[in-house]
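Computed from heavy atoms alone, side chains included, the values below leave out hydrogens, waters and symmetry copies. Fair warning: this is a prediction, and the values are worked out from it, not measured in the lab. Numbers here are sequence positions counted from 1.
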Amino acid sequence: MHQTCERYEIFDNSRIAIVIVDSDRIVTFANQGAQDLLANKVDIGRQLGVHLPNDDKQFFSSSFQPNEISGQPIYYCAIAVTDNGERHFLIYLHPFNMKLSGTEHLPFLAQHDPLTGLPNRNQFIKRLQRHCSSDAGEKALTAVVFIDLDGFKAINDSLGHEMGDKLLQVVAGRIRNQLRNSDTLTRLSGDEFLIILTGLEARQDAATVTQRILDDLARPYKIDSTDLYITASAGLTYCQDRTARAEIMIQQADIAMFEAKRAGRNTFQWFDKALNDEVNRALLIRNTVQKGLDKQQFHLVYQPQICLEAETVCGIEALVRWRHPDIDGLSPAEFIPILESSGQIIPLSYWIMRQAFSDWHKIKPYLAEGARVSVNVSTVHISRSDFMEQLERVMLETNIKPSDIKLEITESMMLRNAQTAVATLDKLADKGIAIALDDFGTGFSNLRYLTQMPISDVKLDRSFIRDIDTHKANQAIVRGITSMSHELGLKIVAEGVETISEKAEVKKLQADIMQGYLEATPLRFEPLIEFLTKRHQ
């Protein structure tokens, strides 16, 4: 082939960058255009980091990175040719400039990602469907890997999108260097990548390759003299039969990737049916919450709070319940985090406040002087810029006073949104609304919150109250928190008191208020009025 090129002098004199490689990707010819494009880093006898077409009829196009530092990909087209009985591959190289007009690269862009030069989603799906439905798929395993970078948004936000784009190009190169010629890599969108691993003998082979990729991606990056560190999470699935659909496999790998994120990141997880069932259940919850509000499937229950010294009911906590028509026993612990992640907690939160504030006027006469109605506020909700405005609107609609309201926030919320929350909490306190710190002790128990934020109550988590009458360590913890809180002028609420001996112990440890099944379970409005009436008599 080299002799043919020299004989016709068509390639050597061409301004087009052309390289010829053998089946092992060893360079057998490179014209001056290729030398110029690759900065004289392509040598005869050296392997070129490209993928090659699988058969003589295939016209293959993709990209590769000759230099990780720059991260800039080189686009190429490859086709198999036979000369004197020998099989070679003719490769046309092309530098891509994203600033040029789209029409100049239109044929290439139709099938490739403009940033990395990788095949696009359409090409990926076609190849995956072909691999799954082929006869070879019955003898060997085909796996899909979904990779998502951990913390990429922070790099984009702090260093700019140009730096982020360069990082993505280098990431693409690192992943590609871990793959074989028969594998396919695609940039799906943003910092998401998809891989097809073909010809595997066992699932462990896919796991081995994926771990190797994650290890390589975790190595330090140096881009434009800036040192960067980033990791990735991955989800894996595999083609189980010839009827498998490419889109379903991508979805499965995506689900597994999110499970890897939840597992701590910088790791991978395999997809299984349990994950799929969990996702479908979450999807059902998200898709039916508005219908639930419209059809009055939600309702409130109220749990009385008992003043330990006076044995009076000094408050009630409003808790939401959902009678879901298709999911039995749906717990707030399950549906609230799902609605928080989707933002749908906002309309539900307003409904809870509106309902609780309206009921309060009929409940208040049965309670001790200074009692308040407690409502839990979501992290997502209180972080919104219009929270105060909307809260005031609900208060006006329900004719409730700020001195009747107590909002409960969780310690975990403070850990995630401390700076944003402080300003809002100060405004709430200035209006006379009380703030309780819920589930104290379940997070990092940052005592700074007790001194720097306008908190009136500290609610001790049930885990500290359970068996406190016999658990010396819990007694010491509660004693310490109670003493410190009282020094700061804060009240202690013991949650989850279920036995007489637990009540006696928390009272001995000088807790101010108790809440739990010993005195009352969460009650619907009518049973609550009956309970309060009997207690009031």
Side-chain angles (χ1 to χ4, degrees), residues 285 289 292-293 296-308 311-324 327-340 345 348-368 371-378 398 400 404-410 434 436-440 442 457-466 491-500 502-503 506 511-536:
I285 290 171
V289 62
L293 287 170
Q296 300 181 339
Q297 295 170 3
F298 290 95
H299 68 271
L300 294 184
V301 294
Y302 297 96
Q303 187 165 36
Q305 297 173 332
I306 311 298
C307 175
L308 285 167
E311 291 291 338
T312 56
V313 181
C314 54
I316 56 168
E317 180 180 0
L319 302 166
V320 66
R321 299 292 186 263
W322 188 358
R323 300 184 307 275
H324 199 288
I327 305 177
D328 293 333
L330 182 58
S331 165
E334 179 182 2
F335 69 76
I336 286 179
I338 293 172
L339 300 186
E340 283 183 329
I345 193 67
L348 179 60
S349 290
Y350 286 132
W351 179 87
I352 293 171
M353 289 192 293
R354 190 173 287 108
Q355 185 65 49
F357 295 169
S358 297
D359 289 344
W360 173 248
H361 297 292
K362 298 177 182 178
I363 298 171
K364 183 179 179 180
Y366 297 95
L367 305 185
R372 295 176 184 250
V373 56
S374 297
V375 177
N376 293 276
V377 182
S378 160
T398 56
I400 192 172
D404 290 331
I405 301 172
K406 182 183 295 181
L407 298 183
E408 296 193 8
I409 58 176
T410 62
L437 187 58
D438 196 12
D439 297 334
F440 189 78
T442 59
D457 298 45
V458 175
K459 301 188 72 173
L460 294 177
D461 186 69
R462 163 66 184 156
S463 60
F464 292 110
I465 307 304
R466 186 185 299 113
K491 292 183 178 180
I492 287 290
V493 181
E495 292 190 281
V497 177
E498 297 183 355
T499 67
I500 295 176
E502 287 176 353
K503 177 181 178 181
V506 296
D512 302 288
I513 300 168
M514 65 154 283
Q515 182 176 341
Y517 284 9
L518 175 64
E519 292 289 346
T521 61
L523 301 168
R524 295 288 295 269
F525 178 78
E526 291 80 5
L528 174 70
I529 296 299
E530 294 178 9
F531 169 84
L532 295 175
T533 301
K534 291 179 181 179
R535 195 175 181 98
H536 192 67

For [X] versus [Y], what's the shortest heavy-atom pair and its separation?
| X | Y | result |
| --- | --- | --- |
| Ala494 | Ala511 | CB-CB, 4.5 Å |
| Gly315 | Ala371 | N-CB, 4.0 Å |
| Asp461 | Glu495 | CA-OE1, 4.2 Å |
| Ala368 | Thr312 | CB-OG1, 3.8 Å |
| Pro332 | Pro337 | O-CD, 3.7 Å |
| Ile285 | Trp322 | O-CH2, 3.6 Å |

| task | Would you indicate whether Lys406, at its atom NZ, is surrounded by more than 12 heavy atoms from other residues, nucleotides or ligands within a distance under 6.0 Å? | result | yes
Interatomic distance, [X] atom [atom1] to [Y] atom [atom2] [nearest 0.5 angstrom]:
| X | Y | atom1 | atom2 | value |
| --- | --- | --- | --- | --- |
| Ile529 | Leu523 | CD1 | CG | 10.0 Å |
| Leu293 | Tyr350 | CG | OH | 13.5 Å |
| Lys503 | Met514 | NZ | CE | 6.0 Å |
| Ile363 | Leu528 | CD1 | CG | 5.0 Å |
| Glu334 | Leu339 | CD | CG | 10.0 Å |
| Gln303 | Ile316 | CD | CD1 | 11.0 Å |

Test item: [X] and [Y] side chains (from C-beta on) under 4.5 Å apart, heavy atoms:
| X | Y | result |
| --- | --- | --- |
| Val493 | Asp438 | no |
| Lys459 | Ile513 | no |
| Ile405 | Val375 | no |
| Phe357 | Asp404 | no |
| Arg535 | Pro304 | no |
| Trp360 | Thr398 | no |
| Thr499 | Leu518 | no |
| Phe298 | Ile352 | no |

| task | Salt-bridge test for Lys362 and Glu526: reply yes if a basic N is under 4.0 Å from a carboxylate O, no otherwise. | result |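 Answer for the salt bridge query: no.
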Between [X] (side chain only) and [Y] (backbone N and O only), is there a donor and an acceptor less than 3.5 Å apart?
| X | Y | value |
| --- | --- | --- |
| Thr521 | Tyr517 | no |
| Asp512 | Ile492 | yes |
| Arg323 | Gln296 | yes |
| Gln355 | Trp351 | no |

| Test side-chain contact (heavy atoms from CB on, under 4.5 Å) applied to Arg321 and Arg524, step by step | CA-CA 10 Å; Arg321 299 292 186 263; Arg524 295 288 295 269; over 6 Å; no
| field | Short side-chain donor-acceptor distance under 3.5 Å, Gln305 and Gln515 | value |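 Indeed, the side chains of Gln515 and Gln305 share at least one donor-acceptor pair under 3.5 Å.
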| task | Using side-chain contact (heavy atoms from CB on, under 4.5 Å) as the criterion, point out the one residue from Val289, Ile345, Ile327, Val320 that pairs with Phe335. | result |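 The residue from Val289, Ile345, Ile327, Val320 that satisfies side-chain contact (heavy atoms from CB on, under 4.5 Å) with Phe335 turns out to be Val320.
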| said: With side-chain contact (heavy atoms from CB on, under 4.5 Å) as the criterion, how do Val313 and Ile306 come out once you've worked through the C-alpha distance, each side chain's angles and the decisive distance to 0.1 Å? | reply: CA-CA 5 Å; Val313 181; Ile306 311 298; 3.8 Å; yes
